[in-house]
Amino acid sequence: MVESIWFVLVLVLLAVVSVALVLMIVLQNDLRATGRETRTQYLTPNYSRAAGFRLTSYPDNELVILQRYWLIDESIAALDYSIVPGRFMTLFIAKQGKMRFPDNYYTEVFESVEQYEISGITVTQSQKAGRRSAVYWTRDNFEYLIYSEEPEMNMMNGLAYYFVNNTRAEKS
């Protein structure tokens with residue numbers, strides 16, 4: 001009798017745990033499907049504890065002014081920049097295969113997509129005249145993306161060389 005009670009209790013406990021796991025999976029998928037993301041602001045670009053990497057080199061000077069460090073969904077670093085005169089851009093960095101492009105990044109809205117090399121690295125630049133612009137590259141098992149909603153004319157061309165040559169991440 002006591003054995004059958006324990007057996008029923010274990011079955012009920014297993015059922016409760018199974019339901020909880022299914023709910024967690026459904027809620028996690030629902031969260032991603034709605035486009036919601038979690039952003040955690042950092043004081044330095046060291047995401048070792050949460051994402052397993054840190055930035056060892058990144059642009060920051062009197063014309064390319066770093067404003068904030070973020071970690072998106074515990075896997076994608078995002079650095080917000082002000083570009084003199086009065087433009088804005090974000091640098092995204094993630095381990096290979098973890099990059100998720102911004103919600104307003106639609107490949108079909110770009111009028112031109114071209115590939116070229118910078119210091120031996122293949123770069124893909126996507127542009128829509130006077131509007132969105134993005135530059136994507138990979139290096140040492142990391143993906144990089146610089147993205148701007150309203151860049152100055154040819155701003156991204158110059159920034160591509162600067163960012164590709166001066167941005168590095170490493171696993172920690």
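- For T122, there are no side chain to side chain donor-acceptor pair (under 3.5 Å) partners, not counting sequence neighbours.
- Closest heavy-atom contact between E143 and G97: OE2-N, 2.7 Å.
- What you find for F53 and S75 is that their closest heavy atoms are CE2-O, 3.7 Å.
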Y81/Y58 under ring-ring contact (aromatic ring centres under 6.0 Å, His included): CA gap, chis, key distance, verdict | CA-CA 11 Å; Y81 284 91; Y58 50 92; 7.8 Å; no
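- No side-chain N or O of T44 forms a donor-acceptor pair with one of N46 less than 3.5 Å apart.
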Criterion salt bridge (charged side-chain N to carboxylate O under 4.0 Å, His left out) on E37 and R39, from CA distance to verdict = CA-CA 6 Å; E37 63 187 23; R39 280 186 174 237; 2.9 Å; yes
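- The shortest non-hydrogen separation linking L71 to A50 is CD2-CB, 3.5 Å.
- To the nearest 0.5 Å, atom CZ of residue R139 and atom CD1 of residue I93 are 11.5 Å apart.
- Across all non-hydrogen atoms, the minimal contact from M155 to R87 is SD-CB, 3.9 Å.
- Shown here for D60 and L66, the closest heavy-atom pair between the two residues is OD1-N, 3.1 Å.
- Screening T38, T40, D80 against W70 for a side-chain hydrogen bond (donor to acceptor under 3.5 Å, both in side chains) leaves a single residue, D80.
- Between I121 and T138 the shortest heavy-atom distance is CG2-O, 3.6 Å.
- Between the side chains of Q67 and S82, at least one donor N or O lies within less than 3.5 Å of an accepting N or O.
- Using a cutoff of 4.0 Å between basic side-chain nitrogens and carboxylate oxygens, E150 and R132 are not scored as salt-bridged.
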